[in-house]
Amino acid sequence: MSAEDRAQIRAIASLFIPVDAALIDLLPNLEIISSFGVGYDHVDAQHAAKKNVVVTHTPSVLDDEVADTTVALLLNTVRDLFHAETYLRENRWETEGPYALSPLSMRNRTIGIFGLGRIGQTIAKRLSGFDVPIHYHSRKPVDGVDFTYHSTLAQMAEAVDTLICVVPGTAATHHAINADILKLLGPRGVLINVGRGPVIDEPALITALQDGTIAAAGLDVFEHEPKVPQALRTMKNVSLLPHVASASHDTRNAMGALVIDNLESWFNKGQAITPTPETAHLNSKNK
Ligand code: NDP
């Protein structure tokens, strides 16, 4: 693309496409990057801020869908439902008799939510109906909730047996769930990840699942997706989803509409609707 053409570009709508510092630097008149999804780890928002470029994302409109999927993934993992259904479809119920009892259950579980943000709180609301104690860890306590707060992930992992990860993928959360955290979770431990793949040290998780350090895992996101390690694919105590937590027509349409609304609002009213925290201070065309 010629320098003249690049100078024409004032906005990027990014649907899971990486927008790195090099791309931002190529576009001298870029004003806004409107990103699809609440997680924007594929956009260099800090570099955008340095260049006075606003980055927007699509928070809130997907909370219910992601929370529903998280609860489904948790139940599927704990009660081994995928393999039970496969057993029926393979006609083994009729030929071999009842499916084996699940070694795990939701009874007497204690939940720990790593990241009690918009989605974490929506998950907690649903799980409150399961009569399970709910703990959480984030960098600061959340006002107005009566779940048990832990100031470190390690403290929470020790106190719970079911760890639900719904934090963003950042430098600070990279491999936050490592061999030490999995050991603290313990042999009844169930790990659910709907946040971002790199938050978990994947080789450490595979070892922990193989040697019984924890009991099971349910994963919607992966460290190098769409590549999923063969070891995970063949383990029976693992439920795997191809990053579909928000992937219904309704919710993806709402996310797409917010991408467009942010662009329209920026160019028509001089202010985007849902800027990321890194660029919120730039959210005025009259800045
Ligand atoms: P929020 O910003 O509302 O919540 C993020 C939570 O994580 C907050 O509670 C925050 O608390 C906590 N957090 C952030 N950094 C850290 C840290 N270093 N240590 C401890 N806690 C931390 O985001 P959402 O709930 O809207 O979304 C969360 C993430 O879920 C997204 O960023 C995305 O990666 C993922 N996601 C995945 C989807 C999927 O398809 N699987 C779909 C949608 C979202 P505090 O700041 O106090 O630490």
Exercise for review: For Val259 and Ser34, work out which heavy atoms get closest and say how close.
Suggested key: O-OG, 2.9 Å
Exercise for review: Describe, in one word, how the ring planes of Tyr136 and Tyr149 are oriented to each other, choosing from parallel (under 30°), tilted (30 to 60°) and perpendicular (over 60°).
Suggested key: tilted
Exercise for review: Indicate the atoms forming the closest heavy-atom contact of Thr58 with Gly37, along with that distance.
Suggested key: OG1-N, 2.9 Å
Point to revise | Residue Phe82 excluded, over 12 heavy atoms near CZ under 6.0 Å | key: no
**Study point:** Separation between CG of Leu219 and CG of Leu209, rounded to the nearest 0.5 Å
**Key:** 8.0 Å
Exercise for review: Identify whether Leu258 and Trp266 are in the same connected component of the hydrophobic contact network (ILVMFWY, side-chain heavy atoms under 4.5 Å).
Suggested key: no
Exercise for review: Consider only side-chain heavy atoms of I, L, V, M, F, W and Y, link residues closer than 4.5 Å, and tell whether Ile164 and Met156 are in one cluster.
Suggested key: no
Review point. Between Val221 and Val194, is any pair of side-chain heavy atoms under 4.5 Å apart?
Key: no
Point to revise | Shortest non-hydrogen contact from Leu282 toward Val54 | key: O-CG2, 3.5 Å
Practice item. For atom CZ of Arg233, decide whether the heavy atoms of other residues, nucleotides or ligands shown that lie under 6.0 angstrom number more than 12. Key: yes
**Study point:** side-chain hydrogen bond (donor to acceptor under 3.5 Å, both in side chains) assessment of Ser102 paired with Arg79
**Key:** CA-CA 6 Å; Ser102 71; Arg79 291 298 329 286; 2.9 Å; yes
**Study point:** Interatomic distance, Leu263 atom CG to Ile32 atom CD1 [nearest 0.5 angstrom]
**Key:** 5.5 Å
Check your understanding: Linking I/L/V/M/F/W/Y whenever their side-chain heavy atoms sit closer than 4.5 Å, directly or via other members, would Ile123 and Val78 fall into one cluster?
Key -> yes
Exercise for review: Mind listing the closest non-hydrogen atom pair of Ala124 and Leu116 along with its distance?
Suggested key: CB-CD1, 4.2 Å
Point to revise | side-chain contact (heavy atoms from CB on, under 4.5 Å) evaluation trace for His47 with Asp25 | key: CA-CA 9 Å; His47 189 72; Asp25 288 345; 2.8 Å; yes
**Study point:** Thr276 and Glu278 side chains, donor-acceptor separation under 3.5 Å
**Key:** yes
Check your understanding: Would a 4.5 Å heavy-atom cut-off, applied to side chains only, mark Arg126 and Thr70 as touching?
Key -> no
Practice item. Would you please classify the geometry between the Phe16 ring and the His243 ring as parallel, tilted or perpendicular, with 30° and 60° separating the classes? Key: tilted
Practice item. May I have the step-by-step check of side-chain contact (heavy atoms from CB on, under 4.5 Å) for Val142 and Gln121, ending in yes or no? Key: CA-CA 10 Å; Val142 177; Gln121 289 180 51; 3.7 Å; yes
Point to revise | Criterion side-chain contact (heavy atoms from CB on, under 4.5 Å) on Arg92 and Tyr99, from CA distance to verdict | key: CA-CA 8 Å; Arg92 294 173 63 192; Tyr99 186 67; over 6 Å; no
Review point. More than 12 non-hydrogen atoms from neighbouring residues, nucleotides or ligands closer than 6.0 Å to CD on Glu94, yes or no?
Key: no
Review point. Taking a hydrophobic cluster as the set of Ile, Leu, Val, Met, Phe, Trp and Tyr residues connected by side-chain heavy atoms closer than 4.5 Å, whether directly or through intermediates, do Leu240 and Leu182 fall within one such cluster?
Key: yes
Check your understanding: Hey, mind stepping through Ile33 and Thr279 against side-chain contact (heavy atoms from CB on, under 4.5 Å) and telling me if it holds?
Key -> CA-CA 10 Å; Ile33 301 164; Thr279 62; over 6 Å; no
Check your understanding: Would you call Lys285 and Glu31 a salt bridge, taking side-chain N to carboxylate O under 4.0 Å as the test?
Key -> yes
Point to revise | Which atom of Asn283 lies closest to which atom of Ala272, heavy atoms considered | key: OD1-N, 2.7 Å
Point to revise | Side-chain donor-acceptor contact under 3.5 Å, His83 with Asp80 | key: yes
Review point. Going by heavy atoms in the side chains, are Ile12 and Ser14 under 4.5 Å from each other?
Key: yes
Review point. So with a 6.0 Å cut-off around CD of Gln46, is the heavy-atom count from everything else above 12?
Key: no
Exercise for review: Mind running side-chain hydrogen bond (donor to acceptor under 3.5 Å, both in side chains) on Thr122 and Asp64 for me, showing each step along the way?
Suggested key: CA-CA 7 Å; Thr122 313; Asp64 287 323; 5.1 Å; no
Practice item. Find out if a path of hydrophobic residues (ILVMFWY) with successive side-chain heavy-atom gaps under 4.5 Å connects Ile119 to Phe114. Key: no
Check your understanding: How about Thr173 and Arg196: do any of their side-chain heavy atoms sit closer than 4.5 Å?
Key -> no
Practice item. Tell me, with the steps shown, if Thr213 and Asp211 meet side-chain hydrogen bond (donor to acceptor under 3.5 Å, both in side chains). Key: CA-CA 6 Å; Thr213 299; Asp211 69 13; 2.5 Å; yes
Check your understanding: Looking only at heavy atoms, what is the nearest atom pair of Ile9 and Met1, with distance?
Key -> CD1-SD, 3.8 Å
Review point. Just wondering, more than 12 heavy atoms not from Gln230 lying within 6.0 Å of its CD?
Key: yes
